[in-house]
Amino acid sequence: MRLTLDIWRQKNGADAGRFETYSVEANEHQSFLEMLDVLNQDLIGQGKEPVAFDSDCREGICGMCGFLVNGVPHGPENNTTICQTHMRHFHDGQRLRLEPWRAAAFPVLRDLVVDRTAFDRIIQAGGYVSVRTGSAVDSNAMLVQKNAADRAMTAAACIGCGACVAACPNAAAALFTGAKITQLGLLPQGQPERIDRALNMVAQYGKEGFGHCTLIGECEAVCPAKIKLEVIARMNGDFVKAVFSKRAEESAGGAG
Amino acid sequence: MSVATKTISAAPPSPSRLGILWGSAIGKKFLMALTGILLSLFVLGHLLGNLQLYFGKDSTGAWLINNYAKFLHNNVPLLWGTRLVMGVSVLVHAIAGIQLYLAKQSARPIPYHEKQSVNSTLPSRTMIWSGVLIGGFVVYHLLHLTVGSAHPDFVPLDVMHNVSTGLRGIAAVVYLISMVALGFHLRHGLYSLFSSLGAGNPAISKNVFNYAAVVATLIALANISFPLAVLAGLVRG
Ligand code: HEM
Ligand code: FES
């Protein structure tokens, strides 16, 4: 099948960028990124600059890939990464627009590649648990309810690709931050830092310049890890509880 | 005899809980949800009270809706208590909503050339506009049927007269549009407030999503019925 691609080309952060149009011969067995590999081979053959895009595992598990295809993050297959989207979902003669994630917190580095280190800083702010060193704990010493374990593991599926931010009209990172807060906050190991985690991760979220959540639900629809909006409510609840208990803690400490 | 002196260095005042909430987007949404609940309860009570427009006269020949108005006006703590709570709520709610809307403008400085909505409802994407419309309507509505200065022939405490002469022409159109906006606002607001308060269990949120649509539609339709009934000549003072 022959496809026409309008691809965002931008040399670096200082370049204004523009769409450029390419034609590529694809077949239905290729993945979307393999189709782009073919295009890039063509471009290199013609002595032109290949299109820069992120990828690593190409199995839908690492979270490196991602851009919009015709206005939808990760393309037309909902809950699937673009690396796992195959060309059989497209047809001959189709015109596709490839655009990078757009958010103040995700500046474009080059073409379809954006800088997502804002996510790393949110994780650093509170995405950890403290573990006592020493001999290993007995495997079942800490009991976890089935329901809590299931929900924590569902939240832990987040691969941090940034599609939630890209899909959100507010460029909010609520689904991502909520997933990280939920995954740890539902488990006993995550309790000691639960208050600080909510306060610190939410504070970092704000500093990175993401927008706020209006529970529109675009993020949930495109998330390749099928993270549920539930995690945003968990984040909100943990944050508000943290605000109240933090004050109590501070005034108790301040009395000394 | 020596006197022990102790310098107490003033610790920087830690912000109050309300201050911390107001300083964060999540906290603002929390306050919007709380005030949204108060406003929604008022909308419901206001609507139920107004349904007495349809109940006719009592045994002395006085309109029931006018008796209700007198009852409210004689009950000063109730009347002014409600006005105070509603005034503060709408201010907190509207200021927070507008501030959040303005703040998020910088979150995506370069817009998409092409962006599809995959999953979201139109009301959810237009909360700020339905909200602003409601805010403008509240001011007009107070001048129209409470103060009376925006009413062509206002008679204090004769609600039946004021409604049946007032909800006509351009005023009826304003009421109709505003009540559609209210329906839109509640359709998303009655659902999203649960998440803002920290309640998002997926087992119930699907139901909340559906019930919000039903409740918002019923409230909007019942409110829309008033100008329609006046225009159809069913309500005459
Ligand atoms: C009858 C009056 C009103 C009622 C019953 C009402 C109700 C609600 C409710 C229940 C919410 C959901 C809150 C949440 O998600 O936590 C909401 C959100 C919102 N309201 Fe109102 N509201 C009213 C008036 C207004 C006014 C006058 C404005 C003025 C701008 C406004 C602007 C907003 C905005 C922008 C949101 C979305 C907040 C966000 O997600 O960023 N509302 N409203
Ligand atoms: S490349 Fe790893 S998820 Fe797509």
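Letters go in sequence order (proteins before strands), and every chain restarts at 1.
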Calculate, to the nearest 0.5 Å, the distance between atoms [atom1] and [atom2] belonging to [X] and [Y] respectively.
X: B:I26; Y: A:D238; atom1: CD1; atom2: CG; value: 9.5 Å
X: B:F194; Y: A:N236; atom1: CZ; atom2: CG; value: 14.0 Å
X: B:L21; Y: A:F239; atom1: CG; atom2: CZ; value: 7.0 Å
X: B:I110; Y: A:E99; atom1: CD1; atom2: CD; value: 10.0 Å

Structural part of [X] lying under 4.5 Å from a heavy atom of chain B:
X: A:N70; answer: both
X: A:F19; answer: side chain
X: A:A172; answer: neither

Where the side chain of [X] meets the backbone of [Y], is there a donor-acceptor pair that is under 3.5 Å apart?
X: B:Q116; Y: A:V72; answer: no
X: B:E114; Y: A:R97; answer: no
X: A:N170; Y: B:K104; answer: no
X: B:Y112; Y: A:W101; answer: no
X: B:R108; Y: A:R102; answer: yes

A:E230 side chain reached by B:S205 side chain, heavy atoms, under 4.5 Å: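 No. Closest side-chain heavy atoms not under 4.5 Å.
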
Measure [X] against the heavy atoms of chain A and call it side chain, backbone, both or neither at under 4.5 Å.
X: B:P123; value: neither
X: B:A103; value: neither
X: B:F30; value: side chain
X: B:S106; value: backbone

Inter-chain contacts: residues 205-216 of chain A against chain B, heavy atoms under 4.5 Å: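 So the qualifying residues are A:G209, A:F210, A:G211, A:H212, A:C213, A:T214, A:L215, A:I216.
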
Atom of A:A171, atom of B:A107 and distance for their closest heavy-atom approach: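 Nearest heavy atoms, A:A171 then B:A107: CB-O, 3.6 Å.
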
Minimum heavy-atom distance B:N119-A:E220, with the two atoms named: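 Where B:N119 meets A:E220 most closely, the heavy atoms are ND2-OE1, 4.4 Å.
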
Max heavy-atom pair count under 4.5 Å with chain A, selected residue of B:S120, B:P109, B:P111, B:G200: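 Top option by heavy-atom pairs under 4.5 Å: B:S120.
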
Interface residue of largest heavy-atom contact number with chain A, from B:G23, B:S117, B:G27, B:A25, under 4.5 Å: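 Option with the greatest count: B:S117.
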
CD (B:Q99) with more than 12 external heavy atoms under 6.0 Å: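 Yes, CD of B:Q99 has more than 12 neighbouring heavy atoms, counting only those of other groups under 6.0 Å.
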
Partner chain B: residue of A:G237, A:A203, A:A233 with the largest heavy-atom pair count (under 4.5 Å):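 Result: the option with the highest number of such pairs is A:A233.
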
Chain B contacts, top residue of A:A105, A:C219, A:A167 (heavy-atom pairs, under 4.5 Å):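 If we count pairs closer than 4.5 Å to chain B, A:A167 comes out on top.
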
Contact residues of residues 167-192 of chain B (partner chain A; heavy-atom separation under 4.5 angstrom):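 Answer by number: B:H188, B:Y191, B:S192.
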
